[in-house]
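First comes the structure, then the notes that go with it.
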Amino acid sequence: MIEAEGLGRTFKVRRTVVHAVKDLSFSVEAGEFVGCLGPNGAGKSTTIKMLTGILAPTAGRIQVAGLDPARRRKALARRIGVVFGQRTTLWWDLPLRDSFELIRLLYKVDRVRFAERLAEMCAILDLGGFLRTPVRQLSLGQRMRGDLAAALLHDPDLLVLDEPTIGLDVVSKAGVREFLLRMNAERGTTVLLTTHDLGDIEKLCRRVLLIDHGRLAFDGSVAGLRALVPGETSIEEVVTRLYLSSTPAGSPRIRPLPPADDRPSGTA
Amino acid sequence: MVRAYLLLAWTWLRASAQYPLSLTLLTLGSFAINGLDIAAIWVIFAHTTALAGFTLPEVMFLYGTAGLSFALADLLFGNVDRLSQHIRAGTFDVMLIRPVSPFVQMAADRFGVHRLGRITQAAAVLVIALTQLTPPASRAWMIPVMILCGTAIFTAVFALGGALQFLLTDAPEVANAFTYGGSQLTQYPLSVYGEQLVRGVTFILPLAFVNWQPALYVLDRDDPLGLPGWVRFASPVAAVVLGGVAALAWRAGLRRYQSTGH
Ligand SMILES: Nc1ncnc2c1ncn2[C@@H]1O[C@H](COP(=O)(O)OP(=O)(O)O)[C@@H](O)[C@H]1O
Ligand SMILES: [Mg+2]
């Protein structure tokens, strides 16, 4: 579903060059549920933008659903759903229902299939109560549920989410998590999300990518991530230690290790 | 493209109907501002009978055709000059995840009837000018052609201004100077300006083809700068060339798009 090879992106900021992503290689198979972890400024959002065709990479190659995102952006848009936790993809002044209708028209979704999917989304995400409310009047939790539905109305193969649980209360968070698990299990939608919430990682992701200073520092299971810091069982502690140990400017000190199940069992 | 544009524009129109008061104020405001423009022309003619050799109805003809072209381009595509706002707010990223051209999405964004104010006003000036001038049909055929070409030229100028904002995200005023400056410039007979400027807007940024050159044909006037007669028929060529340049510039800008760091 995703193939990245030596992916890199630089930005020019007032004559200096910022390496947001450096030599990133990974692949994601159809049906996987992958979480992307990393300190602020690690390059997670930049990676997401390259996956979705918003930004063209400055180095390396990337293929998503068999397409080069930056070159085939419009074709790719029909195959993927995108959610930004920090901002909505809906139309601020339109009622939720009208935003959905507009998405149906823009993505040319068949009317009958759209009605079915909308009914399904309304049932799972409990949208019925605020379909007629303008998006700007929705609470963050309601808006996020609306965004999730909007990203899936055209039945994409891949769902990409940048910090989907940011700022949500525990109940809304649980709702979002349950929904994502369900889409992944029932529809086989491939899911890639970034998060700072380790609960998301523990409860959702079978696989974790740890990004540090724009590089891939770890790729494996949650158990494998835990095993990086021997003797530590709390994932919070493990990640805190890993973040603290990463050097500010140079290459990451968190070295890629094979997933835990491939190694001799720990001493805990 | 056209379908997507109409869908988006219609949706925005419906959304704007939710705020009837602000709609009315915007429309009235746009009438008032453009009314001041006309007042300026009246003031000039209160003191003289001709401007650079052009009579009042002739100047109104130039004003009306340029105004109508600009208003049509502004109505359909003018919002493209808000690109830097969308880039900074992050909403341009959202346009890039949709299966529709971001240019079309930008153009249709916040489409509203308040943009009609300028059109009705320019059309009124043009009609008044034509009742006084009554050009023969053998020359009047040029009028719709020149308005169409003028609209295309201003649209290309808007697209160029947008493309520039991919690079100058923090200085959209530079780009706006082109579009609105261009519309102001073409309101008067170009011969009131210096020869260098007229050559510039003929051969570099071809604003002279919006109304000046074809109007010389409609009004059956000699070119004060002595350019050959065929130049008067070159508006479609100018529109196509500038449109091509603008499309390339927009694509190049999109390739260099950096998004924002938050
Ligand atoms: N459009 C941009 N212009 C300049 N610098 C950017 C831009 N986008 C990201 N960056 C920089 O690249 C680095 C990675 O940013 P980002 O991908 O947003 O990190 P994350 O999402 O992991 O917090 C940061 O240092 C950030 O300042
Ligand atoms: Mg981020």
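Owing to the predicted nature of the structure, the values given are computational and were not obtained by experimental measurement. Naming convention: chains lettered A, B, ... in sequence-line order (proteins, then strands); numbering from 1 in each chain. Just the heavy atoms: all of them, side chains too, but no hydrogens, waters or symmetry mates, feed the values below.
If you take OG1 on B:Thr91 and CH2 on A:Trp91, they are separated by 12.0 Å, rounding to the nearest 0.5 Å. Taking CG from A:Leu94 and CH2 from B:Trp12, the interatomic distance works out to 6.0 Å, rounded to the nearest 0.5 Å. Atom CG in A:Asp162 sits 10.0 Å away from atom CG in B:Asp93 (nearest 0.5 Å). Here NZ of A:Lys12 is found 7.5 Å from CD of B:Gln258. Values are rounded to the nearest 0.5 Å.
Contact annotation: the side chain of B:Tyr257 approaches that of A:Ile54 to within less than 4.5 Å [non-hydrogen atoms, C-beta and beyond]. Within the 4.5 Å cutoff, the side chain of B:Arg3 has heavy atoms near those of the A:Lys108 side chain. Contact check for A:Lys74 versus B:Ser101: side-chain heavy atoms found under the 4.5 Å cut-off. Side-chain atoms of A:Asp93 and B:Arg110, non-hydrogen and from C-beta on, do get closer than 4.5 Å to each other. B:Val94 has its side chain within reach of A:Arg87: a pair of non-hydrogen atoms, C-beta onward, lies under 4.5 Å apart.
Between chain B and the residues A:Arg78, A:Arg73, A:Glu101, the largest count of heavy-atom pairs under 4.5 Å involves A:Arg73. Comparing A:Gly53, A:Pro95, A:Ala77, A:Ala20 by how many heavy-atom pairs each has under 4.5 Å with chain B, the most go to A:Ala77. Note on A:Ile80, A:Thr52, A:Asn40, A:Leu55: by heavy-atom pairs under 4.5 Å with chain B, the leading option is A:Leu55.
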Between B:Leu8 and A:Leu106, does the side-chain contact (heavy atoms from CB on, under 4.5 Å) criterion hold? Intermediate values first, please. CA-CA 9 Å; B:Leu8 287 165; A:Leu106 291 179; 4.3 Å; yes
- side-chain contact (heavy atoms from CB on, under 4.5 Å) evaluation trace for A:Lys49 with B:Leu96: CA-CA 10 Å; A:Lys49 286 175 189 170; B:Leu96 289 174; over 6 Å; no
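Heavy-atom neighbours of A:Arg71 CZ from other residues, nucleotides or ligands within 6.0 Å: at or below the threshold of 12. Heavy atoms from other residues, nucleotides or ligands lying under 6.0 Å from CZ of A:Arg187 number more than 12. Surrounding CZ of A:Arg113 are at most 12 heavy atoms belonging to other residues, nucleotides or ligands under 6.0 Å away.
Looking at A:Ile103, the atoms closer than 4.5 Å to chain B (heavy atoms on both sides) all sit in the side chain, from C-beta outward. Using a 4.5 Å cut-off between heavy atoms, A:Thr88 contacts chain B through its backbone alone, with no side-chain atom that close.
Partner A:Leu105 forms a side chain to side chain contact (heavy atoms under 4.5 Å, CB included) with one of B:Leu7, B:Val100, B:Leu6 and no other, that one being B:Leu7.
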